[in-house]
Number of protein chains: 2
Amino acid sequence: MPQDNAKPISSPPLTDAPTPALIPVDHLLCFSFYAASHAFTRVYKPLLDAIGLTYPQYLVMVALWEKEDQTVGGIGEKLGLESSTLTPLLKRLEALGFVTRSRDPADERVVRVRLSAQGEALREQARTIPECILKATGLDLADAERLQKDVTALRVALEKAAAGKG
Amino acid sequence: MPQDNAKPISSPPLTDAPTPALIPVDHLLCFSFYAASHAFTRVYKPLLDAIGLTYPQYLVMVALWEKEDQTVGGIGEKLGLESSTLTPLLKRLEALGFVTRSRDPADERVVRVRLSAQGEALREQARTIPECILKATGLDLADAERLQKDVTALRVALEKAAAGKG
DNA sequence: TGCGATTATATCGCGCACAAATTATATTTG
DNA sequence: CAAATATAATTTGTGCGCGATATAATCGCA
């Protein structure tokens with residue numbers, strides 16, 4: 001009978017506890033974010049397939065639509081990604097024809113990433129995506145904004161904690 | 001210098017909908033989750049390094065501490081992961097000595113994943129992690145639970161939407 | 001009984017994501 | 001000015017994460 005240890009019968013659904021209580025994985029705060037983040041990318045998938053982007057590529061394009069000339073480091077700072085993640089991703093976007101990459105003549109260390117005409121045009125194709133996503137969340141705009149602010153505040157707190165320990 | 005194009009001067013006149021506003025990437029709800037999820041793993045990193053696990057491996061161990069004998073498919077269902085993700089991950093956990101994997105004699109298609117003695121013991125080492133994480137969030141227990149519920153509800157809504165379109 | 005579906009894992013290829021090491025350019029300092 | 005240091009991006013190696021496909025075992029049903 002290797003099958004009967006479901007859980008301590010009466011553990012309340014705690015996110016954490018002073019005693020080493022067993023917390024089911026689906027009650028961990030971190031897991032809710034992990035799973036929700038994956039769920040987002042799954043909702044995006046068919047929409048992004050239609051315009052030939054992956055989800056991280058889409059984030060980079062959104063950043064570029066916001067400001068069309070940025071450095072690798074600047075994009076990394078905004079998205080929280082290392083250059084070792086961005087370099088190959090940007091090369092793929094370049095191969096797809098959506099961006100150009102070139103060394104800044106004023107400082108040859110930095111690479112400037114710019115929208116191509118095709119990258120500009122893609123923006124039109126992506127126009128309706130945010131409304132589709134909002135609809136998929138089942139939230140109204142006010143709740144979505146509230147949640148976005150709460151989650152961003154949490155991210156900031158976590159980043160501060162991570163920096164403090166590092 | 002080449003740095004003043006905060007947004008496109010004029011969006012092309014489309015015949016239909018009210019022009020969707022440009023949403024900065026750091027105001028997207030999806031991005032707040034994407035970034036927060038990464039921030040969680042960064043906070044976990046030093047704690048998990050100390051016990052030799054990655055974050056996804058930790059989630060699997062938490063699931064096994066909750067119920068020590070599970071199938072690959074069962075774990076995948078709980079964590080929302082495919083067998084193509086779990087199979088190599090579980091092999092690594094096995095190589096580390098934390099779990100055992102064996103075909104179920106009653107149904108040779110099924111692989112049963114069990115905690116090893118070492119995997120059981122690891123639970124003690126991981127005992128204090130949840131409190132560390134809660135502290136890093138800056139939230140009190142009640143707020144953390146509330147947020148966990150909201151986020152889980154959102155995940156469910158997104159999964160429903162994704163399934164509906166597939 | 002046997003054979004076509006279904007189910008459970010595993011394999012393969014691609015694209016993140018990061019840490020560590022590398023290369024190339026700038027800046028600081030002696 | 002030259003050497004030491006700092007900065008920006010790239011390369012390399014490891015581990016997710018998924019879709020598509022493969023393999024093997026079981027089930028359903030005539």
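Below, read A as the first sequence line, B as the second, and so on, with proteins coming before strands; counting in each chain starts at 1.
Here D/dT26 is the nucleotide among D/dT26, C/dT9, C/dA26 with the atom lying nearest to any side-chain atom of B/R109. Closest to the side chain of A/E108, out of C/dT9, C/dT25, C/dC16, is C/dT25. Side-chain proximity of B/D107 to D/dA25, C/dC16, D/dA9: nearest is D/dA25.
At least one side-chain nitrogen or oxygen of B/Y34 sits closer than 4.0 Å to the OP1 or OP2 atom of C/dA17. For the pair B/T71 and C/dA8, the criterion of a side-chain N or O lying under 4.0 Å from OP1 or OP2 is not met. The phosphate of C/dC18 (OP1 or OP2) has a side-chain N or O of B/R42 nearer than 4.0 angstrom. Proximity of A/K91 to the phosphate of D/dT11: a side-chain N or O atom is located under 4.0 Å from OP1 or OP2. For A/R92, a side-chain nitrogen or oxygen approaches OP1 or OP2 of C/dC16 to under 4.0 Å.
B/L53 has its side chain within reach of B/F98: a pair of non-hydrogen atoms, C-beta onward, lies under 4.5 Å apart. At least one side-chain heavy atom of A/D143 sits under 4.5 Å from a side-chain heavy atom of A/R146.
Rounded to an integer number of Å, the gap from CG of B/L96 to P of D/dT14 is 14 Å. If you take NZ of B/K45 and C1' of D/dC16, they are 14 Å apart, rounded to a whole angstrom. One atom, OH of B/Y55, and another, C1' of C/dC18, lie 16 Å apart when rounded to the nearest Å. Rounding to whole angstrom units, CZ of residue B/R112 and C1' of D/dA25 are separated by 16 Å. When the C1' atom of D/dG17 is taken as reference, atom CD of B/Q57 falls 14 Å away, rounded to whole Å. Distance, A/D49 CG to C/dG15 C1': 13 Å, rounded to whole Å. Atom-to-atom, CZ of B/R101 to P of C/dT9 comes out at 11 Å; the value is rounded to the nearest Å. Regarding A/L53, its CG atom lies at a distance of 13 Å from the P atom of C/dG15, rounded to whole Å.
Each of B/Y44, B/F33, B/Y55, B/Y34 was scored for a ring pair (Phe, Tyr, Trp, His ring centres under 6.0 Å) with A/F33, with one residue passing: B/F33. Paired with B/Q70 under the rule side chain to side chain contact (heavy atoms under 4.5 Å, CB included), one option of B/R112, B/K78, B/R114, B/E77 passes, and it is B/K78.
Between A/R127 and A/E124 there is a salt bridge, since at least one side-chain N of the basic residue sits less than 4.0 Å from a carboxylate O of the acidic one. Between B/K135 and B/E131 there is no salt bridge, since no side-chain N of the basic residue sits under 4.0 Å from a carboxylate O of the acidic one. Checked for salt-bridge contact, B/E159 and B/R155 meet the test: a charged N lies under 4.0 Å from a carboxylate O.
Under a 3.5 Å cut-off, the side chain of A/S32 and the backbone N or O of A/L29 do form a donor-acceptor pair.
Ring orientation note: the planes of B/Y58 and B/W65 are nearly perpendicular, at an angle over 60° on the 30°/60° scale.
Each of B/G74 and A/T54 was matched to the nucleotide of DNA chain C holding its nearest heavy atom; the match closer to the 5' end belongs to B/G74.
Near-neighbour residues of DNA chain D inside residues 75-90 of chain B, defined by a heavy atom below 4.0 Å, number-ordered: B/G80, B/L81, B/E82, B/S84, B/T85, B/L89.
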*In sequence, state the C-alpha distance, the side-chain angles, and the governing distance for A/V60 and A/V99, and then conclude on side-chain contact (heavy atoms from CB on, under 4.5 Å).*
CA-CA 10 Å; A/V60 169; A/V99 308; 5.7 Å; no
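When the local axes at the two ends of the helix from C/dT1-D/dA30 to C/dG30-D/dC1 are compared, using 5 base pairs at each end, they differ in direction by 0° after rounding to 10°.
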